[in-house]
J.: 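My questions will all concern the structure given below.
In what follows, every heavy atom counts, from backbone to side chain, and hydrogens, waters and symmetry copies are set aside.
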Amino acid sequence: LILEPEIVVQNLTSWVEQFQNGQDDDGRFLFTNKTLSVVEEQKKKVRYASDPPDFEIYRQNSPKKRLNHNLPTYTCVHPESALETDHGKMAHYGIVGMQASQADSLTIGGVAQDNVKKR
């Protein structure tokens with residue numbers, strides 16, 4: 001989901017106000033001398049990164065015939081990195097009828113393995 005430009009500008013402004021004078025544990029400032037100018041440029045260009053009004057972000061696909069739950073799947077119309085694409089496979093772990101803790105462990109393990117392979 002890409003937020004409305006006004007919300008992104010407001011979030012960027014709040015972020016600058018909150019962290020502009022912040023320092024890390026070693027006393028280094030979080031912002032460099034270029035950070036504020038980059039944020040101002042982002043504020044100008046953010047309207048080009050948002051979706052048009054009434055834009056459908058997801059396309060519904062027919063249920064897969066080999067799955068017995070008969071639930072539709074959805075495809076995002078925004079391009080994704082290969083790393084994010086693999087996370088969709090993990091959604092099926094929760095539909096197998098196992099305990100939540102076991103499904104969580106399998107999902108986290110699977111995501112971690114895929115992330116390591118992609119890097």
J.: Just jot down the salt bridge (Lys or Arg N to Asp or Glu O under 4.0 Å) partners of D24, sequence neighbours excluded, or say none.
T.: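 Applying salt bridge (Lys or Arg N to Asp or Glu O under 4.0 Å) to D24 gives R28.
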J.: Side-chain heavy atoms under 4.5 angstrom apart, residues restricted to Ile, Leu, Val, Met, Phe, Trp, Tyr: same cluster for L30 and V39?
T.: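 Yes, it is one cluster - the side chains of L30 and V39 are joined through contacts under 4.5 Å.
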J.: Can you get from V38 to L36 by hopping between Ile, Leu, Val, Met, Phe, Trp and Tyr side chains that sit under 4.5 Å apart?
T.: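 Cluster IDs for V38 and L36 differ.
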J.: Quick one: salt bridge (Lys or Arg N to Asp or Glu O under 4.0 Å) partners of K44, sequence neighbours excluded?
T.: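 Partners of K44 under the salt bridge (Lys or Arg N to Asp or Glu O under 4.0 Å) test: E41.
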J.: Output all residues satisfying side chain to side chain contact (heavy atoms under 4.5 Å, CB included) with T32, sequence neighbours left out; order by chain, then residue number.
T.: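 If we apply the side chain to side chain contact (heavy atoms under 4.5 Å, CB included) test to T32, skipping adjacent residues, the hits are K34, T35.
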J.: For residues 9-20, which residue pairs qualify under side-chain hydrogen bond (donor to acceptor under 3.5 Å, both in side chains), counting only residues two or more places apart or in two chains?
T.: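 Listed by first then second residue: T13-K43.
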J.: Not counting sequence neighbours, which residues clear side chain to side chain contact (heavy atoms under 4.5 Å, CB included) with N61? List them please.
T.: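 For N61 the side chain to side chain contact (heavy atoms under 4.5 Å, CB included) partners, ignoring immediate neighbours, are R59, T73, T75.
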J.: Would you please name every residue forming a ring pair (Phe, Tyr, Trp, His ring centres under 6.0 Å) with F29, sequence neighbours left out?
T.: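 Not a single residue meets the ring pair (Phe, Tyr, Trp, His ring centres under 6.0 Å) criterion with F29.
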J.: Could you tell me whether D54 atom CG has more than 12 heavy atoms of other residues or ligands within 6.0 Å of it?
T.: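 Open: at most 12 neighbouring heavy atoms sit under 6.0 Å from CG of D54.
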J.: Is the number of heavy atoms from other residues, nucleotides or ligands within 6.0 Å of CD (Q60) greater than 12?
T.: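 Yes, the 6.0 Å shell around CD holds more than 12 heavy atoms from other groups.
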